[in-house]
Each structure stands twice: as C-alpha cells, then as structure tokens.
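FYI, side chains are in, hydrogens and waters are out, and symmetry mates aren't considered; it's all heavy atoms of this structure. One-based numbering along the sequence shown. One-based numbering, in listed order, for ligands and for the atoms of each.
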Amino acid sequence: MPDRLQFGLIGSGSQGRFLSEALRMTDKADLVACADPNEEATQRAIEQCGYRQGYDSAEEMLDQVDLDAVIVATIHDQLQPMALAAVNAGKHVFVEKPMALNAADGRELVAAARQADVRLMVGYTLRFMPERILMKKLLDEGAIGDISHASAGQCIGFGSDHWLNDPKHGGGPLFYIGSHAIDNALWMIGREPTRVFADVYWPDERHAEAGVDAVISFAGGLSLHACASYRSGCSYGWLDVIGTEGRMRSEWQSNKLYIESRKIAAYNQPTELAVPPQPYIPALPGAAAASVVAFRYLPMWVAEMHEFTSAITEGRDASVSGADGVRFLEVADAIFASGRSGEPAQV
Ligand SMILES: NC(=O)c1ccc[n+]([C@@H]2O[C@H](COP(=O)([O-])OP(=O)(O)OC[C@H]3O[C@@H](n4cnc5c(N)ncnc54)[C@H](O)[C@@H]3O)[C@@H](O)[C@H]2O)c1
C-alpha cells in the first residue's frame, strides 16, 4: 500500500467538497480527480479542494485515472450506481448515506465490494459526534442497565423544489436526515429490528414524504420511536435511551449529552456531561484552514475520513460498514411499506 492514497470524488456538490477538505486535513491522501455532470461543481471542487483534474462523467474518470479510493457524494438515486461502478473498478469506496434507495440495491453493493475485496464505508457522520461516542461507551459499560425504550429523531425545515424533495431522486427526510437518527439508534441498541409500524405523510405525488413517525420493534419487548421531518421550525435531533437503571439523551445540534443513573453515584440526579472532542476523535491540525462554511461539522468529517483511510491501509472493515447501510435500508423499506399499507411490516 503506498504512503499516500490516490483519491477521486464522484459528486462534487457541497458535501463532496466538505469531505474532500476533511480528507485533505488527514494528510493521508492526494486529491487526484473529481467528476460531476455539472461543470460548475467540478470547477469548484478543483479550485476549493485542489483536485488536479475534472471529468463530467464518473465512468470516464474511473477508466482514465489511477485511483485507490473514491468518495461518492451524489444525489441519492446516483449513490448506489456510482458506488457500484467504483467498486467494480476495484476502488475502495466511501459512499454517503443512504447508500442506496432500498435494501436489495444496498445488498448488491455490499456483495460487489466483498467480491472485489475493497473497503466500503457509509457516511453516517453522527457516529463520529463525541457525545454519541461517549453515550455508546456508557451504554456498553451498563451505565443505565438494559435498554427498554429508545426514541430518535432528526428534523429540519425544508420545503423547496430541490432534488431533496423529489421522490425520483430519493428525496425526503427519511433518507436525508432520518437515516442518521435510525442508524445511530440501531448502533446504540445493537440488536436486530423485527417489525415496523409507520405513519408516513406524503403531501402530494410530486414530492417526497414530508414526515415519518415509526415504531420499530426488537425482540424482547424493546421498541424505538423514530421521527424524521422537513416540517420543523428549527434543526433538531435527539436520541433518548431509557434503561432499567436510568436514561441518557443526546441532542443535535446543541450537542448536549445528559445522563441519569441509579448505578453511578455522580449521576443519581439528571446531569449534563461535558464532552471534550478528545480523546474521542482526532484533533484537527492547528491551522485548520478550510473554506468549509459548516465548520462545526468539520472535526466529525475529518474523523470519518481518518477512519476510512485507516481501514484501507490496515486492510480491515471500516467502523461504519456497508452492512450498517443495509440495516438502515431494511428498516426504511419496512417504514415505506407500512406507511403505504397502514399495516405493520416485517423487517
Ligand atoms: N453526512 C453528512 O453530514 C451529510 C451532509 C449533507 C449531505 N450529505 C449527503 O451527501 C450527498 C450529496 O448531498 P449534497 O448536499 O452535496 O448535494 P448537492 O446537490 O450539493 O450535490 C450533489 C451533486 O451530485 C451531482 N451528481 C448527480 N448525478 C451524478 C452522477 N451520476 N455522477 C456524479 N455526480 C452526480 C450533482 O450534479 C451535484 O453536484 C447526499 O447523499 C446527502 O445525503 C451528507
């Protein structure tokens, strides 16, 4: 494995560029080429992130440039086809969430990555939020006993005729933001979901759903209430976990973490935990100069890129794997099936 990985980008829109700047900060990769049918996006990625060459087709880039790995950050309906093309060209792939539009396509991608013996990581950034990492650690240490209930949601206000509202492109809050909430909850719970009962609000046929509420059941009487919405007056996400010995709550975007525990004397009363980023995610270089506007997320994106490049050089699965991507998609399939039928759906 060479010292520095040769990277390409498929989908040079805002997230593709954010991730590229984060990748550059790991100092483990050369940003070689980017591709996007939108010429302006390609040009911006060259100027902002330092890619050396731009292509209007990912296939052409994969064919012509010698790359070790690619980031795929396209519109949702192009994530799986582009990631599959890259995997089949023998590249390691970091693909943004939701990875595919259904579990069958997700499984096809995971199988292709296994066949090609390349790493496949999915962009569930909130797994790199220091508060969520500490929450998972405390849960695994038994700080609140056995989990009996959980609640997770991700809500923003979003109403335009953007592709993120277009069902043809895999728009809608479930894929765009709810995927983060459900992925994080499944990670915390660590059990296989079995059944879903969902209420999905489709405002009209031209637009994707505007809101989802679902009860996701697990064996042993544990249930997760999940919510995703484009109809919120603020950007708000939460992850509540109730256990036999207490509870924890983590909030986005305030990034607060609360705990109450009968087992730990210091937390017998509801307590807000101070969570310094270190030692949970790598420090940013001192003069971390990025043109990234959403600078507050940059440390998490750097941590994601650090994990992806480490998985490649160490020849191991990334901590957020293609199998995790499929697990969310299986739940999403069941949410849409239940929302349409009005009946519970098996996962
Ligand atoms: N994890 C996170 O923190 C986070 C945050 C925001 C967005 N995202 C995800 O990133 C992805 C991109 O979102 P965005 O906000 O950058 O959208 P965007 O609209 O800014 O960019 C998407 C780009 O994909 C390009 N594209 C479409 N088809 C393509 C193809 N076949 N090949 C190459 N490029 C193609 C478009 O031209 C566009 O430039 C989505 O999956 C989104 O959910 C993740």
Residues Glu251, Glu131; criterion side-chain contact (heavy atoms from CB on, under 4.5 Å); working and verdict: CA-CA 9 Å; Glu251 289 177 3; Glu131 292 75 12; over 6 Å; no

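- Each salt bridge (charged side-chain N to carboxylate O under 4.0 Å, His left out) pair with one or both residues in residues 158-180, not counting sequence neighbours, appears once here: Asp166-Lys168.
- The pair Lys263-Glu245 does not count as a salt bridge, with every side-chain nitrogen at least 4.0 angstrom from each carboxylate oxygen.
- Closer than 4.0 angstrom to ligand 1 by heavy atom are Ile10, Gly11, Gly13, Ser14, Gln15, Ala35, Asp36, Pro37, Asn38, Ala41, Ala73, Thr74, Ile75, His76, Gln78, Leu79, Met82, Glu96, Lys97, Gly123, Thr125, Trp163, Tyr176, His180, Trp301, sorted by chain and number.
- Using a 4.5 Å cut-off between side-chain heavy atoms of Ile, Leu, Val, Met, Phe, Trp and Tyr, with links allowed through other members, Leu31 and Val65 fall into the same hydrophobic cluster.
- In this structure, Glu307 pairs ionically with Arg316, as a charged nitrogen and a carboxylate oxygen lie closer than 4.0 Å.
- Ring planes of His162 and Phe158: perpendicular class, angle over 60° (limits at 30 and 60°).
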